[in-house]
Amino acid sequence: MTIRPARLYDAAEIHALMQPYVAQGLLLPRSLRYLCENIRDFTVIEANGRIVASGALHFLDEDVAEIQSLAVAPARRGQGLGRQLTAALVEEAKAHQVWKVFALTHAPQFFYRLGFTDTDLGALPQKFSRDCAACPKRPVCRQHAVIRDIFAAESEAPAPAAALALVP
Ligand SMILES: CC(C)(COP(=O)(O)OP(=O)(O)OC[C@H]1O[C@@H](n2cnc3c(N)ncnc32)[C@H](O)[C@@H]1OP(=O)(O)O)[C@@H](O)C(=O)NCCC(=O)NCCS
């Protein structure tokens, strides 16, 4: 099993992996074109040459990023892959000195286990104005907003000079 940044040729497989969850209303639809344009946001887990999990870290502003499109292949759910992938996305956020990572999700319990807590969109005006304000599903949206302070323990926060060295 390998965890690695997605490459452009992974876009179609990521698209296919997401489809069952898009159909269930658990993930927002993403076109193949969108995935190609934003492929650098994505990390994948590969097993035997197939992508079994994928997810994205999308920067929203100077210190906030969103975990998006998190999907584990149906046959592989409950085996810790979602946890591994989310941990990798949080590490990526850390390396870029992003202070807060959030997600809009139908699976808040999964995120609570990884140190996220409830928040509301009022605390995320960037997200609300960019995506939610014009979303046709807004009146019936049942997604939970969850957030994690990456450097919650003050000792974990990088000094500004050290932060540069962290960015790959
Ligand atoms: C949600 C999802 C990414 C979790 O991935 P996974 O590989 O099945 O989860 P893991 O095996 O890593 O589980 C980690 C922990 O979360 C718990 N968990 C996983 N999914 C959960 C859920 N839907 N509700 C409650 N708890 C959940 C597990 O029991 C495990 O708990 P533990 O700490 O006691 O071991 C995956 O089930 C999935 O692809 N769901 C459909 C798409 C989706 O809803 N994505 C999230 C949108 S952002």
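Hydrogens, waters and symmetry mates are skipped; everything else that's a heavy atom, side chains included, is used. Whatever order the structure lists them in is the order used to number ligands and atoms, beginning at 1.
Ligand 1 has a nitrogen or oxygen under 3.5 angstrom from a nitrogen or oxygen of G80. The shortest N/O to N/O separation between R83 and ligand 1 falls below 3.5 Å. Checked by distance only, ligand 1 and L70 come closer than 3.5 Å through their nitrogen or oxygen atoms. On a distance-only criterion, Q109 and ligand 1 share no N/O pair closer than 3.5 Å.
R77 NE, 3.8 Å is the protein heavy atom nearest to atom 38 (C) of ligand 1. Atom 8 (O) of ligand 1 has its closest protein heavy atom at G78 N, 2.9 Å. Nearest protein neighbour of atom 44 (O) of ligand 1, counting heavy atoms only, is L26 CB, 4.0 Å. Protein heavy atom nearest atom 48 (S) of ligand 1, with residue, atom name and distance: T105 OG1, 3.8 Å. Among all non-hydrogen protein atoms, the one lying nearest atom 2 (C) of ligand 1 is V72 CG2, 4.6 Å. A107 CB, 3.8 Å is the protein heavy atom nearest to atom 23 (N) of ligand 1.
At a threshold of 4.5 Å between non-hydrogen side-chain atoms, the residues H106 and Q24 do not count as touching. Using a 4.5 Å cut-off on side-chain heavy atoms (C-beta onward), R40 and P5 make no contact.
Residue contacts with ligand 1 include Q79, since one or more of its heavy atoms lies under 4.0 Å from the ligand.
We find the NE2-CZ distance between H15 and R33 to be 13.5 Å, quoted to the nearest 0.5 Å. Rounding to the nearest 0.5 Å places CD1 of I147 at 13.5 Å from CH2 of W99. Atom CD of Q143 and atom CG of L26 lie 9.0 Å apart (nearest 0.5 Å). Between the SG atom in C36 and the CG atom in L8 there is a gap of 5.0 Å [rounded to 0.5 Å].
The side-chain contact (heavy atoms from CB on, under 4.5 Å) with F42 is formed by just one residue from the set L35, I51, L89, L57; it is L35.
Near L27, with a cut-off below 4.0 Å to any heavy atom, the atoms of ligand 1 are 45 (N), 47 (C). If you number the atoms of ligand 1 from 1 as listed, the ones under 4.0 Å from a heavy atom of R113 come out as 15 (C), 16 (O), 17 (C), 26 (N), 30 (C), 31 (O), 32 (P), 33 (O), 34 (O).
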Only distances under 3.5 Å count here; give the side-chain donor-acceptor pairs of residues 72-87 to other protein atoms, sequence neighbours excluded, each with its distance to 0.1 Å.
{"from": "Q79", "atom 1": "NE2", "to": "A75", "atom 2": "O", "distance (Å)": "3.3"}
{"from": "T86", "atom 1": "OG1", "to": "G82", "atom 2": "O", "distance (Å)": "2.8"}

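Distances from atom 5 (O) of ligand 1 to the heavy atoms of G82, A56, A103 put G82 nearest. Considering Y112, F111, F110 only, the shortest heavy-atom separation from atom 27 (C) of ligand 1 involves F110.
Listed by first then second residue, pairs satisfying side-chain hydrogen bond (donor to acceptor under 3.5 Å, both in side chains) with a partner in residues 48-58 read E13-R50, D41-H58, H58-R130, not counting sequence neighbours.
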